[in-house]
Amino acid sequence: MKRYAIRVFLHILFIMLLSIGSCLLFQKQLWFSTTICILLLITTGVHLYRMQFKQINLLRRLTDGLRYNDMTQAFHPPFKNKIMNEWTEELSESLKDFRGKLLAEEIKHQYYENLLNKVDTAVLVADRSGHVEWMNQAAVTHLGQISQLPEALLIASATNNIPIIRIEQNSTVLEMAISCTKFATQGKEQQIISLKNIHSVLERNEMEAWQKLIRVLTHEIMNSITPIISLSETLSERGIPEQLGEKEYSIILQAMQTIHRRSKGLLEFVENYRRLTRIPAPVRTKVSIAELFMDLKKLFPEEYIHFETPLSELNLYIDRAQIEQVLINLLKNAREACGKQADKNIRITIITSPANNKIMTVSDNGEGILPDVLDKIFVPFFSTKTTGSGIGLSLCKQIMTLHEGSINVKSESGKGSRFILTFPK
């Protein structure tokens, strides 16, 4: 660059000398010499202008390449000399190094993005106001393609002392463990939020706890009840002893019959326990929703029960017998809940959520569920009906859990209930 500066200085000096010479020759009226000086002056000025213009054009190409992220350019000297050759080589090498660094950063960015998209923990990057700037695939699956944090998540990230939150998204209740890290970049405060869906884990642990309890109760009750039944049947079949009168025998017989009847009742109770612990693993097949709804319509032909079949062909990969049993239980409950209504209305619908899950709802306009028992309806043997066994909804929940899905309920007393079944994609 030093030689280039000298060359520019010589051009300027030559222009000055030619200008002075032209003036002196013009004063002495040496017209031919004056003309030659002026021509040399113009030639030198044009040459200096072209030299500067080509350099400016070269720099403009460089800035345009940086602006439009075009790093594939190669620079050539605007004119042949050693200075320009060295300069263009330096520009080309600098651009090549810059291109290599950008490529390395892009590869690193793609690597971390793909890595975060493979984990099952939802990760979001949001600003202070809750605007979502980036989210991985797990976050899209759980929350959908959102641009703003849900209110519960925004409050939890702001306080940073709520370990578990409940979020209702796409008609599904999610119980999620939350962790939030705040940082500042380029003078802007941001936060990284990680969410782990623990709803299925909690449900699985709850189900395993109930099953352990049920197995213990089944074993103990069966060991106690079986001898009682055997003894009562033996006494009932022995006939009337000679040493006892008819009255005494009648009393003993009634007592034995009472024991027998009560023992059978306890056995039926134990069988209900067994039903909850012997649900087989679902054998999934491709089931058409239209066909499933058509078969259910035959079992529930009432006009006030509406099956909203989707317009497009929709299928579920489920154990048909088990899911059919779930829907039968829910429809029976809905029909009983609407027993006192004049304008009964029961609807069963299915939609596809933004996360590609299938969401089926069974809603009614019946009596609804009281708020103080709403969180107990899926507990085994809890029932608000005088003749209910309390295993129907618990059975439904276990079947949905075995299908890796979920069942939730929304209800208002006197306004009806809505059961939401979520099937994974």
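Scanning both residues, Y304 and R335, for their nearest heavy atoms gives OH-CG, 3.3 Å. Listed here is the closest heavy atom pair of D343 and N365: O-ND2, 2.8 Å. Pairing each heavy atom of P282 with each of D319, the nearest pair is CA-OD2, 3.4 Å. Taking each heavy atom of M135 and V132 in turn, the nearest pair found is SD-CG1, 4.1 Å.
Contact of the V125 side chain with the Q191 side chain is not registered, since no non-hydrogen atoms from C-beta on lie closer than 4.5 Å. At least one side-chain heavy atom of I346 sits under 4.5 Å from a side-chain heavy atom of C338. The side-chain heavy atoms of F423 and M400, taken from C-beta on, include a pair separated by under 4.5 Å. Side-chain atoms of L421 and I323, non-hydrogen and from C-beta on, never get closer than 4.5 Å to each other. Two residues are said to be in side-chain contact when any heavy atoms from C-beta on lie closer than 4.5 Å; I348 and E308 fail this criterion. A heavy-atom distance below 4.5 Å is not found between the side chains of I178 and S194. Looking only at side-chain heavy atoms (C-beta outward), L393 and L330 come within less than 4.5 Å of each other. Side-chain contact between R418 and V409 is absent, with no heavy atoms from C-beta onward closer than 4.5 Å.
Between the CD1 atom in I193 and the OG1 atom in T181 there is a gap of 9.5 Å [rounded to 0.5 Å]. Atom CG of N408 and atom NZ of K397 lie 8.0 Å apart (nearest 0.5 Å). In this structure, I318 CD1 and L292 CG are separated by 6.0 Å, a value rounded to the nearest 0.5 Å. Put simply, CZ on F419 and CG on L331 are 11.0 Å apart, with the number rounded to the nearest 0.5 Å. The CG atom of L316 sits 10.5 Å away from the CZ atom of R284 when rounded to the nearest 0.5 Å. Note: F300 CZ to I305 CD1 = 6.0 Å, rounded to the nearest 0.5 Å.
Using modelled atom types, one side-chain atom of Q148 and one backbone atom of S129 make a donor-acceptor pair closer than 3.5 Å. A side-chain donor-acceptor contact under 3.5 Å links N136 to the backbone of T121. Counting only distance, with no hydrogens or angles, the side chain of H131 and the backbone of S147 share a donor-acceptor pair below 3.5 Å. With S417 contributing its side chain and S411 its backbone, the two residues share no donor-acceptor pair below 3.5 Å. Q137 places no side-chain N or O within donor-acceptor distance of the main-chain N or O of N114, the cut-off being under 3.5 Å. Between the side chain of N357 and the backbone N or O of S353, no donor-acceptor pair lies under 3.5 Å. Of the possible polar contacts, none joining the N315 side chain to the K286 backbone as a donor-acceptor pair under 3.5 Å is found. Checking side-chain atoms of Q145 against main-chain N and O of P354 turns up no donor-acceptor pair under 3.5 Å.
Electrostatic pairing of K297 and E302 does not count as a salt bridge here, judged by no charged N lying under 4.0 Å from a carboxylate O.
For E412, the CD atom counts as loosely surrounded, since its 6.0 Å shell holds 12 or fewer non-hydrogen atoms of other residues, nucleotides or ligands. Other residues, nucleotides and ligands place no more than 12 heavy atoms under 6.0 Å from the CD atom of E404.
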*Just do the side-chain contact (heavy atoms from CB on, under 4.5 Å) check on H403 and Q322 with the steps written out, would you?*
CA-CA 10 Å; H403 278 76; Q322 291 185 359; 3.3 Å; yes
*May I have the step-by-step check of side-chain contact (heavy atoms from CB on, under 4.5 Å) for M360 and L327, ending in yes or no?*
CA-CA 10 Å; M360 187 181 297; L327 295 175; 3.5 Å; yes
_Trace of the side-chain contact (heavy atoms from CB on, under 4.5 Å) decision for I420 with I407_ = CA-CA 6 Å; I420 305 162; I407 178 170; over 6 Å; no
_Stepwise side chain to side chain donor-acceptor pair (under 3.5 Å) test for S288 and E313_ = CA-CA 7 Å; S288 169; E313 180 64 22; 3.1 Å; yes
*For D127 and E189, run side-chain contact (heavy atoms from CB on, under 4.5 Å): C-alpha distance rounded to whole Å, both residues' side-chain angles, the deciding distance at 0.1 Å, then the answer.*
CA-CA 6 Å; D127 59 17; E189 186 176 326; over 6 Å; no
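Applying the side chain to side chain donor-acceptor pair (under 3.5 Å) test to D295 and every residue at least two apart in sequence or in another chain returns R320.
Pairs passing the ring pair (Phe, Tyr, Trp, His ring centres under 6.0 Å) check and including a residue from residues 307-346, sequence neighbours excluded, read F293-F307.
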